[in-house]
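Take a look at the structure set out below.
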4 protein chains.
Amino acid sequence: MTDPIQQQLINARKNQILDAAAIVFAEKGFHPTTIRDIARQAGIADGTIYNYFENKFDLLIGILSRLTELEQLPDELLQGLRGDVQEFFVVTFDHRMGRLKEGAEMLQAILPQVLIHPELRERFYRQYVERIATMLESYVAAQVERGQLRPVEPKLVVRLVQATIVGLLLLHIMGDETLERNWEQMPRFLADALFAGLRPRDGE
Amino acid sequence: MTDPIQQQLINARKNQILDAAAIVFAEKGFHPTTIRDIARQAGIADGTIYNYFENKFDLLIGILSRLTELEQLPDELLQGLRGDVQEFFVVTFDHRMGRLKEGAEMLQAILPQVLIHPELRERFYRQYVERIATMLESYVAAQVERGQLRPVEPKLVVRLVQATIVGLLLLHIMGDETLERNWEQMPRFLADALFAGLRPRDGE
Amino acid sequence: MTDPIQQQLINARKNQILDAAAIVFAEKGFHPTTIRDIARQAGIADGTIYNYFENKFDLLIGILSRLTELEQLPDELLQGLRGDVQEFFVVTFDHRMGRLKEGAEMLQAILPQVLIHPELRERFYRQYVERIATMLESYVAAQVERGQLRPVEPKLVVRLVQATIVGLLLLHIMGDETLERNWEQMPRFLADALFAGLRPRDGE
Amino acid sequence: MTDPIQQQLINARKNQILDAAAIVFAEKGFHPTTIRDIARQAGIADGTIYNYFENKFDLLIGILSRLTELEQLPDELLQGLRGDVQEFFVVTFDHRMGRLKEGAEMLQAILPQVLIHPELRERFYRQYVERIATMLESYVAAQVERGQLRPVEPKLVVRLVQATIVGLLLLHIMGDETLERNWEQMPRFLADALFAGLRPRDGE
DNA sequence: CATGAATGAGCATTCATTCAT
DNA sequence: AATGAATGAATGCTCATTCAT
């Protein structure tokens with residue numbers, strides 16, 4: 001039943017299809033993309049897709065699932081936990097923005113549907129937002145506890161961080177040139193701004 | 001030719017249609033929405049829509065245009081210019097988030113397409129992002145000049161502000177309960193965090 | 001009821017509409033032409049047409065009727081009756097081909113429908129083919145009787161004449177350049193060929 | 001790529017569709033005929049048609065192409081070249097009228113559109129009129145040269161011949177009963193009339 | 001498993017016709 | 001009588017999905 005070699009072949013084919021789907025979805029959007037578009041991109045026949053996925057929508061689910069699979073335990077993040085708080089924010093922004101840019105194509109493919117389709121929305125929110133949020137919240141709470149951060153509401157801080165990241169991606173997708181030029185230095189800028197604020201410090 | 005009464009009737013009908021379209025688009029997304037859906041929602045016949053709009057896509061353009069029409073010169077913002085810098089951020093966040101929530105339905109209707117359709121993307125970016133950005137940039141630059149803000153790059157600060165706002169809207173649309181509960185107090189929280197930072201101040 | 005001035009106004013308007021219809025029908029064909037096309041061409045509103053004609057098809061009937069109205073008793077033809085037989089053919093071809101070229105626009109408009117619509121076909125055939133045919137037949141029969149023509153079957157001769165004329169119009173509509181260049185001299189050529197034949201005569 | 005068996009299946013299906021299309025077009029005309037009509041007539045589904053033809057108009061092109069395919073090199077005609085001139089005309093009329101009657105259905109299907117659509121008109125004229133015309137012209141010119149025909153302009157003679165044939169078909173389509181009854185003997189009648197003329201000969 | 005021809009439900013759009021003004 | 005906005009039935013075409021090979 002679960003011949004491991006068979007399983008591997010199946011997974012390879014699934015990935016081949018999902019790769020193709022992500023590319024064309026990102027290019028044309030979900031609905032304007034036809035199954036034939038995907039099949040051509042994958043170099044296979046239309047019907048073959050249905051041997052691996054129930055239907056077109058299932059491809060979105062598949063893409064989403066892979067997005068979260070990629071979201072391995074963020075080792076780098078965990079390492080950041082031990083360092084300086086400000087540095088932690090740098091690492092966080094850096095990591096998240098990097099991940100997003102990597103998966104930007106896929107994100108662009110599914111975000112529109114996420115906004116609309118309840119099931120997708122919930123899946124996306126839970127696996128992609130909430131999970132990270134919980135982790136960050138506990139970190140922030142801990143640092144507040146330790147006095148490394150002002151007594152802020154961790155949940156709100158985390159929303160701020162996440163909103164900023166996803167917002168930046170949106171602006172980026174929209175072709176904002178400033179972001180295009182400064183994408184690399186944004187993490188540090190954001191961390192500084194957020195941690196130290198924009199208020200002029202003594203001596204500036 | 002341009003009988004003002006006729007013109008008013010025409011505009012009224014156009015708005016009636018765009019209202020209906022925004023509602024259904026927001027609910028089901030652009031492509032899954034049928035012209036019939038919109039016509040039913042507007043209480044008119046299918047064909048009538050085509051007396052006022054070229055095609056289905058034209059409805060999106062129409063919705064976008066109205067979004068920017070609503071974007072009158074933000075008087076409140078201009079008033080904020082004279083006050084305290086931190087207060088300016090409060091006003092800014094408050095104003096933008098208010099506007100967004102008002103137009104959330106419309107935004108939800110067009111955002112997905114904006115991400116994909118180049119023409120729409122450019123229109124949206126220019127009329128909805130760039131215009132505000134320019135204004136904010138000059139304000140930030142002036143305050144940096146005056147020493148009211150640290151010597152930051154205005155363009156980046158503005159991207160941060162705008163990304164945060166649109167990001168929050170996205171999280172909100174996704175049904176984030178924390179945001180739902182605290183939407184009203186977010187502007188002040190954001191302004192504080194951004195201006196003063198999260199670093200513990202002396203005496204905290 | 002039948003106020004003669006009213007009647008005249010009505011007829012004028014009907015003709016205005018039929019003129020417009022014939023022009024656009026000839027240009028685009030019956031089905032691709034919209035009522036709006038006709039209204040624009042006539043410089044009136046769509047609805048006005050329906051005050052004068054039952055429906056779109058009725059316009060075809062109207063055009064056809066006018067075609068046959070134009071087909072007044074062909075005086076020239078009648079005059080030809082008294083002359084030489086060969087000359088009669090010249091006059092006949094000349095008259096018919098002239099009429100056709102005049103009404104070519106209208107003919108082009110209705111011929112396609114005539115080929116298909118039974119009612120139209122019969123109307124057209126009876127009023128436009130048969131009437132002339134009967135007249136010509138009796139002339140031919142008389143000339144055969146008098147020995148001015150070989151003992152041919154008048155009905156067949158007449159079909160030959162009429163087929164030639166309508167066939168020439170078709171070739172002409174199709175853009176045949178030879179016909180374009182020689183249209184004027186065709187009647188005499190046809191009459192000669194038909195009456196004297198192509199067989200070399202003594203001494204040629 | 002071009003598997004011959006596949007190719008044969010494809011052609012068979014194309015012909016099946018074109019057959020159906022020709023039938024319904026002839027019956028109802030091009031525009032009133034729906035794709036569904038054709039599909040039903042062919043006993044297939046609507047969508048299948050689009051696997052073989054770009055669009056509805058393409059079906060007309062297809063029908064026209066087949067008409068000209070049928071127009072093989074007219075062997076019979078070539079044989080006529082060697083015989084008596086008058087006999088050549090008999091063969092010519094016979095051959096052309098036979099062909100036309102065979103393809104009458106198809107002709108009726110496309111002729112209306114030919115009159116209107118420029119592309120179709122040109123295709124039809126070139127492939128269906130001009131080709132035959134050129135051949136006939138050279139024959140006539142040769143016979144004039146040899147003194148077998150009066151010194152007539154070959155181009156005009158050929159137009160006369162072709163116009164007569166197509167005109168007869170039109171009258172036939174219109175339901176002329178005389179033609180219906182005498183269709184078989186028309187070729188000889190036409191050839192006689194044309195070659196020998198209607199002028200009474202010595203001794204008649 | 002892979003294929004791709006066949007399917008037919010579904011939709012954007014058109015346009016003849018109506019009718020209130 | 002003239003208008004032209006409103007109507008909604010009708011249709012060409014698309015495309016997700018099925019299934020015989």
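Fair warning: this is a prediction, and the values are worked out from it, not measured in the lab. So that the names make sense, note that chain A is the first sequence line, chain B the second, and so on, each numbered from 1.
Salt bridge status for Asp19(B) with Arg66(B): present, with a side-chain N to carboxylate O gap under 4.0 Å.
Here the P atom of nucleotide dC15(E) and the NE2 atom of His31(C) are 12 Å apart, to the nearest Å. Taking atom CG on Leu60(D) and atom P on dG12(F), their separation rounds to 12 Å, with Å as the unit. Note: CD1 (Ile49(B)) to P (dG8(F)) measures 13 Å, nearest angstrom. Rounded to whole Å, atom C1' of dA12(E) lies 16 Å from atom CZ of Phe53(B). Here dT11(F) presents its C1' atom at 12 Å from NZ of Lys28(D), a figure rounded to the nearest Å. As rounded to whole Å, 8 Å separates atom P of dC1(E) from atom CG of Leu9(A).
Contact annotation: the side chain of Ile38(B) never approaches that of Ile23(B) to less than 4.5 Å [non-hydrogen atoms, C-beta and beyond]. Put simply, the side chain of Ile61(B) does not reach to within 4.5 Å of the side chain of Phe53(B), judged on heavy atoms. Contact of the Arg121(A) side chain with the Leu115(A) side chain is not registered, since no non-hydrogen atoms from C-beta on lie closer than 4.5 Å. Using a 4.5 Å heavy-atom cutoff, the side chains of Ile44(D) and Gln16(D) are in contact. Contact annotation: the side chain of Arg123(B) approaches that of Glu119(B) to within less than 4.5 Å [non-hydrogen atoms, C-beta and beyond].
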Polar-atom pairs under 3.5 Å, protein N or O versus N or O of nucleotides 19-21 of chain F: list them with distances, or write none.
none

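Sorted by residue number, the list of members of residues 10-27 of chain B with any non-hydrogen atom under 4.0 Å from DNA chain E is empty. A heavy atom closer than 4.0 Å to some atom of DNA chain E occurs in Thr33(B), Thr34(B), Ile35(B), these being the qualifying members of residues 32-45 of chain B.
The residue among Asn55(A) and Asn55(D) whose nearest nucleotide of DNA chain F lies closer to the 5′ end is Asn55(D).
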Requested in this report: Verify side chain to side chain contact (heavy atoms under 4.5 Å, CB included) between Val114(D) and Met174(C), making sure each step is shown before the conclusion.
Outcome: CA-CA 8 Å; Val114(D) 164; Met174(C) 282 183 205; 4.2 Å; yes
Requested in this report: Would you please test Leu60(C) and His117(C) for side chain to side chain contact (heavy atoms under 4.5 Å, CB included) and show each step?
Outcome: CA-CA 11 Å; Leu60(C) 274 188; His117(C) 201 286; over 6 Å; no
Query - Criterion side chain to side chain donor-acceptor pair (under 3.5 Å) on Thr34(C) and Asp37(C), from CA distance to verdict - result: CA-CA 5 Å; Thr34(C) 68; Asp37(C) 288 335; 3.2 Å; yes
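Among dA5(E), dT7(F), dA2(F), the nucleotide with an atom closest to any side-chain atom of Tyr52(D) is dA5(E). Counting only heavy atoms from C-beta on, Asp46(D) has its side chain closest to dG8(E) among dT13(E), dG8(E), dT3(E).
OP1 or OP2 of dT3(E) lies within a sub-4.0 Å distance of a side-chain N or O belonging to Thr48(A).
In this entry dC15(E) has dG8(F) as its Watson-Crick or G-U wobble partner, both defining distances falling under 3.5 Å.
Taken from CG in Leu18(D) to CZ in Arg13(D), the straight-line distance is 12.5 Å, to the nearest 0.5 Å.
Ring-plane geometry between Phe30(D) and Phe25(D) is classed as tilted, the angle between the planes lying from 30 to 60 degrees on a 0 to 90 degree scale.
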